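Have a look at the structure below, then the notes.
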Amino acid sequence: MAEQEPQAVIAAMSGGVDSSVAALLLTRQGFEVIGATMRLVDAAPSAACGLLDDIRDAREACQRLGIEHMTLDFRERFSREVMDRFCAAYLCGQTPNPCIDCNQHLKAEALHEQRRRLGARFVATGHYARRALDEQTGRWKLLRAADPAKDQSYVLYRLSQDELAHTLFPLGDLTKDEVRELARSNGFENAEKQESQDICFVPDGDYASFIRRHAAGACQALFEPGDIVDAQGERLGQHAGLVRYTVGQRRGIGIAAPRPLYVKAKDAQRNRLVVAPFEELAVGEVHLRAVNVISGDGSSRTLPVRAKCSYRQQPVAAELALAGDGTATIRFAEPLRAPAPGQAAVCYCGDEVVAGGVIV
């Protein structure tokens, strides 16, 4: 019987330990691996954005593994699809998640375009997530990682069926400690490399300054100080520019009060930041747009789920009502603090990611 040709895989490699170990595991599984590092910005102290030092680290990992390495210049695409969207959302009073846009437009769409161009079978990433084929329906499921502390399925909810069918997650069954041990035992110099905790293109966390620089012609009023008021309009203090705040925020508002206050709304017309105690922010439901139903057909129906409205939130009991037109409503079993418009809400049944969308 003739020996089967190895299948080609484009492995997304940021220069970090996760993507390096993912490439290692793929070579052990017999794949023909091509390491691909995306250069996304000119300069940023973050591996996720393809700084030259990180491209070097990725290249060295490929050399150790004896595989090909290529650098893909996606700076213009990243600026258009991620940074421009980030700024536009903030300037509209929303709170976007640029990592979701990056995963959709760069790590999914752009890398799969490259995969098809090169005739490769798969794209592989260092995400902590899993996939499985439903034998009854023939559709692919996106699943949470085996390690709930590292699960990244939330930022992958926009994956299409075609992308899931051609994407591998080699780290889905591992813990971070196991990944670092594999890196150490195989001599990777990045075995102890730390992860970035911030948005890669805003490493100092100063979103307002970045938006002011990046979004030419942005409304300057959003950067100007104004009043902080309660729901009755009573002045409580002064804010530092509405663009610096997000709905639901508690820390960093800058006023003292006998009980915690949260951002309830941003009144751009009067340049006022409205704050309130928790009970005035509690909501029983949220509405979604741009809903992606991963394994189903998106038809109108209601499902019991567990939902989360931010990356670090633990999923809570809820009901997902799909409208069949790309919109949906999530009704929570218990009221929770109002999530920020622009953030993603993702719904799970057990380990399966059922659907997700943008909160409106």
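Start at 1 with the first residue, then count along the sequence. Remember, it's a predicted structure, so these values are computed and weren't measured experimentally.
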Using a strict threshold of under 4.0 Å (side-chain N to carboxylate O), is an ion pair present between [Y] and [X]?
| X | Y | result |
| --- | --- | --- |
| Arg64 | Glu60 | no |
| Asp18 | Lys176 | yes |
| Glu178 | Lys150 | no |
| Arg180 | Asp177 | no |

Around atom [atom1] of [X], are there more than 12 heavy atoms of other residues, nucleotides or ligands at under 6.0 Å?
| X | atom1 | answer |
| --- | --- | --- |
| Gln314 | CD | no |
| Glu334 | CD | no |
| Glu192 | CD | yes |

Donor-acceptor pair, [X] side chain versus [Y] backbone, under 3.5 Å?
| X | Y | result |
| --- | --- | --- |
| Glu319 | Ile330 | no |
| His239 | Val274 | no |
| Gln161 | Trp140 | yes |

Residues which pass side-chain hydrogen bond (donor to acceptor under 3.5 Å, both in side chains) with [X], listed by chain and number, not counting sequence neighbours:
| X | result |
| --- | --- |
| Arg337 | none |
| His127 | Asn103, Thr125 |
| Arg301 | Asp297, Ser299 |

Assigning hydrophobic clusters by single linkage (Ile, Leu, Val, Met, Phe, Trp, Tyr; side-chain heavy-atom cutoff under 4.5 Å), is [X] placed with [Y]?
| X | Y | answer |
| --- | --- | --- |
| Tyr154 | Leu164 | yes |
| Ile228 | Val247 | no |
| Leu322 | Val354 | yes |
| Val305 | Val316 | yes |

To the nearest 0.5 angstrom, please state how far the [atom1] atom of [X] sits from the [atom2] atom of [Y].
| X | Y | atom1 | atom2 | value |
| --- | --- | --- | --- | --- |
| Glu109 | Ser160 | CD | OG | 8.5 Å |
| Phe74 | Met38 | CZ | CE | 7.0 Å |
| Tyr128 | Leu174 | OH | CG | 7.0 Å |
| Ser20 | Asp57 | OG | CG | 8.0 Å |
| Lys141 | Arg130 | NZ | CZ | 11.5 Å |
| Arg116 | Leu111 | CZ | CG | 10.5 Å |

Does Phe332 have any ring-ring contact (aromatic ring centres under 6.0 Å, His included) partners at least two apart in sequence or in another chain, and if so, which?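 Once residues adjacent in sequence are excluded, Phe332 has no partner under the ring-ring contact (aromatic ring centres under 6.0 Å, His included) criterion.
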Side-chain touch [X]/[Y], heavy atoms, less than 4.5 angstrom:
| X | Y | result |
| --- | --- | --- |
| Arg39 | Arg75 | yes |
| Leu242 | Arg272 | no |
| Ile359 | Gln94 | no |
| Leu24 | Leu65 | yes |
| Leu222 | Ile211 | no |
| Ser295 | Thr137 | no |
| Val263 | Ile253 | yes |
| Gln104 | Ile100 | no |

Criterion side chain to side chain contact (heavy atoms under 4.5 Å, CB included) on Val41 and Phe78, from CA distance to verdict: CA-CA 8 Å; Val41 296; Phe78 184 75; 3.8 Å; yes
Distance-only check: which donor-acceptor pairs under 3.5 Å involve side-chain atoms of residues 165-173, not counting sequence neighbours?
unit_1, atom_1, unit_2, atom_2, d
His166, ND1, Asp162, O, 2.9
Thr167, OG1, His112, NE2, 3.0
Thr167, OG1, Glu163, O, 2.4

Between Lys193 and Asp54, is the salt bridge (charged side-chain N to carboxylate O under 4.0 Å, His left out) condition met? List the steps. CA-CA 11 Å; Lys193 192 170 185 177; Asp54 303 308; 2.7 Å; yes
Non-hydrogen atoms of [X] and [Y] that approach each other most closely:
| X | Y | answer |
| --- | --- | --- |
| Ser153 | Leu142 | O-CD2, 4.0 Å |
| Ile294 | Arg139 | O-NH2, 3.5 Å |
| Tyr245 | Ala240 | OH-N, 2.9 Å |

Could you check whether the rings of Phe31 and Phe122 sit parallel, tilted or perpendicular, using 30° and 60° as the cut-offs?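 The rings of Phe31 and Phe122 stand perpendicular, inter-plane angle above 60°.
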How are the rings of Tyr207 and Tyr90 set relative to one another: parallel (under 30°), tilted (30 to 60°) or perpendicular (over 60°)?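 Taking Tyr90 first and then Tyr207, their aromatic rings sit tilted (interplane angle of 30° to 60°).
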Applying the salt bridge (charged side-chain N to carboxylate O under 4.0 Å, His left out) test to Asp227, which of Lys266, Arg270, Arg235 qualifies? Arg235
Salt bridge (charged side-chain N to carboxylate O under 4.0 Å, His left out) for Asp230 and Lys264? Distances and angles first, verdict last. CA-CA 9 Å; Asp230 62 19; Lys264 182 177 183 179; over 6 Å; no
From Val33, Leu118, Leu72, residue fulfilling side-chain contact (heavy atoms from CB on, under 4.5 Å) relative to Ile10: Leu118
Which pairs with one or both residues in residues 282-292 pass salt bridge (Lys or Arg N to Asp or Glu O under 4.0 Å), sequence neighbours excluded?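 Residue pairs with at least one partner in residues 282-292: Glu285-Arg331.
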Report yes or no: do Thr327 and Asp325 form a side-chain donor-acceptor pair below 3.5 Å?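 Indeed, the side chains of Thr327 and Asp325 share at least one donor-acceptor pair under 3.5 Å.
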